[in-house]
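Please read the structure below before turning to the comments.
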Amino acid sequence: MSNHPVQVIAVTGGKGGVGKSNVSINLGVCLAEMGRRVVILDADLGLANLDILLGISARENLSHVLRGECSIRDILVEGPAGVKIVPASSGTQELVSMGPREHAGLIHAFSELSDDVDVLIVDTAAGISEMVMSFVTAAQESLFVVTNEPTSITDAYAMMKILNQKHGMYRFNVVANMVRTQQEGREIYSKLTKVTDRFLDVALQFSGCIPFDDYLRKAVMRQKPVVEAYPRSKAALAFRSLANKVDSWPLPSTPRGHLEFFVDRLVQGAVAR
């Protein structure tokens, strides 16, 4: 059994409609094309949409895992470029109303995949519920997707504040989505850092921007990732650039002492050293 650590990235942002799922899918496909074994968890447990965005149908989903009917491995669905999708269910109340114990059990259940995955991307739901916070804190890296709307920036800030003050997180990566120019992307990041620098003790990292691109909309209509449907489009090139940046992030080496994905792998690695 190998002891390689798994990179876990929560794609989040607070506000709905900022493009988190598109970022998750296209980032995952780019990393897979770079040779990484990628799993994407649809963590919008009540309104799952990754399977719809990709035009794939899943017979079983996380609700079956929670009921003990099957394992995480059993529900994996093959997506583009060999990416594996962990589907959630849509309109199932039991997933939305999970308590902390079931949620911890769900996160621990991923350990069975640890030998077969290099990167786990967690596509979180909108909002700042306990469930969303729990998924973000269980990841090693958070990638905040923000757009040039005041509500997107204030929601991202509100989420960072809770993660910082309640959960001790202090490092956040930011990608500006649906921008008209690179300059606009930088300005969005600048607006966010202005408030975080003033009120929080956190470090923000600019991970780049994804342009507003009609080809992205066309790809969604075709139920394909834009990097696969229109590989030369501006959005596809930007996603590849983002993937290169993400691939250079340091891998986790030690557990942080709270609920997190693949924690047993981190403990083994720490003991081995």
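Quick note: numbers below take in every heavy atom, side chains included, and nothing from hydrogens, waters or symmetry partners.
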Handout entry: Pairs touching residues 166-190 that satisfy ring pair (Phe, Tyr, Trp, His ring centres under 6.0 Å), sequence neighbours left out
Key = Phe144-Phe172, Tyr189-Phe206
Exercise for the section: Could you list all the ring pair (Phe, Tyr, Trp, His ring centres under 6.0 Å) pairs where at least one residue sits in residues 215-240, not counting sequence neighbours? Expected result: Tyr215-Tyr230
Completion exercise
Residue pairs passing the side-chain hydrogen bond (donor to acceptor under 3.5 Å, both in side chains) test with at least one member in residues 233-249, sequence neighbours excluded, are Arg36-Asp247
Problem - pair Thr12-Leu143: side-chain heavy atoms closer than 4.5 Å - result: no
Handout entry: Donor-acceptor contact below 3.5 Å, side chain Asn173 vs main chain Ser142
Key = yes
Problem - Donor-acceptor side-chain pairing of Lys20 and Asn177 below 3.5 angstrom - result: no
Problem - In one Ile/Leu/Val/Met/Phe/Trp/Tyr side-chain cluster, 4.5 Å: Val202, Ile188 - result: yes
Problem - side-chain hydrogen bond (donor to acceptor under 3.5 Å, both in side chains) against Asp116, all qualifying residues, sequence neighbours excluded - result: Arg73
Exercise for the section: For Arg180, check side-chain hydrogen bond (donor to acceptor under 3.5 Å, both in side chains) against everything at least two apart and list the hits. Expected result: none
Exercise for the section: For residues Ser114 and Val6, report the shortest heavy-atom separation together with the two atoms involved. Expected result: O-CG2, 4.0 Å
Completion exercise
Nearest heavy-atom contact between Pro225 and Ala219 is C-CB, 4.2 Å
Under 3.5 Å, sequence neighbours excluded: what are the donor-acceptor pairs made by side chains of residues 156-166?
{"unit_1": "Asn164", "atom_1": "ND2", "unit_2": "Met169", "atom_2": "O", "d": "2.9"}
{"unit_1": "Lys166", "atom_1": "NZ", "unit_2": "Glu130", "atom_2": "OE2", "d": "3.0"}

Problem - Exceeds 12 heavy-atom contacts within 6.0 angstrom, atom CD of Gln205 - result: no
